[in-house]
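Working notes, beginning with the structure itself.
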Amino acid sequence: MSGLSERLEAVRGGIADAARDAGRDPGEITTIVVTKFHPESLIRELASLGVRDIGENRHQEAQAKARALADLDLRWHFVGQLQSKKARQVRAYASVIHSIDRESLVDALRSEDEEVDGFIQVNLTTDPNRGGVAPDELEPMVERVLATPGIRLLGLMAVAPLDESARVAFARTRALAERVRSLAPAATSLSMGMSHDYRDAILEGATHLRIGTAITGKRPA
Ligand SMILES: *Cc1c(COP(=O)(O)O)cnc(C)c1O
């Protein structure tokens, strides 16, 4: 036994506890298991344990896994930085793109025939290399997405900075999401919370958790 099912159960229990403490229905929270660097066999095992939502952060790896596991009924979430020139290929297998953060990427995702679900990633740090739109550039980005056929805006995605309390960072994200909702009333989702901070994320309204190591164990080198 790899301990996978025990870790998955422990995290499911932690999610249920946090939801109860927040007065929320755990059924409204989607847990995405982030499997980057792990083999396809681990994803098969997760699927056998009832996991349907899988997250990956690198296009080539994600595409290969989605192809190899096409017999499973999985939903692929792309959570990493995405180059515009790869956008069309990613939308071919991904149901949800969590990392929309540039106008060129929005334009590359334009489609008259198909819709992909998307989150705008907001950068909670002052480091422009961290990925995500600066908070003061959020509104024009929302407008750009709304004006682009082929993307259904779900809401905001964020990663908590290392040098700030996750709870405080997620509270800021929640406030930004309320501003987004005044422009895009259907964008009610919030993608935030990882292995070490999913409880804080749930307390601040997260609807999509992206959890890796707490479920998968350590990533192979
Ligand atoms: C890897 C990754 C996660 C999961 O991180 P863990 O700390 O292993 O839970 C979540 N979100 C993104 C964007 C990631 O790249």
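Start at 1 and go down the list; that is how both ligands and their atoms are numbered.
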Query - side-chain hydrogen bond (donor to acceptor under 3.5 Å, both in side chains) partners for E9, two or more places apart - result: R12
Report summary line: At a 4.0 angstrom heavy-atom cut-off, ligand 1 is contacted by V34, K36, N57, V79, M194, S195, R210, I211, G212, T213, R219
Query raised in the report: Applying ring pair (Phe, Tyr, Trp, His ring centres under 6.0 Å), which residue pairs with at least one partner in residues 97-144 are found, sequence neighbours left out?
Result: H77-H98, H98-F119, F119-H208
Requested in this report: Using salt bridge (charged side-chain N to carboxylate O under 4.0 Å, His left out) as the criterion, list what pairs up with R181, not counting sequence neighbours.
Outcome: none
Query raised in the report: If you measure from the Lys or Arg side-chain nitrogens to the Asp or Glu carboxylate oxygens, is any gap between R44 and D71 under 4.0 Å?
Result: yes
Query raised in the report: Does a salt bridge link R199 with D21, judged by any charged N lying under 4.0 Å from a carboxylate O?
Result: yes
Query raised in the report: Would you call D107 and R110 a salt bridge, taking side-chain N to carboxylate O under 4.0 Å as the test?
Result: no
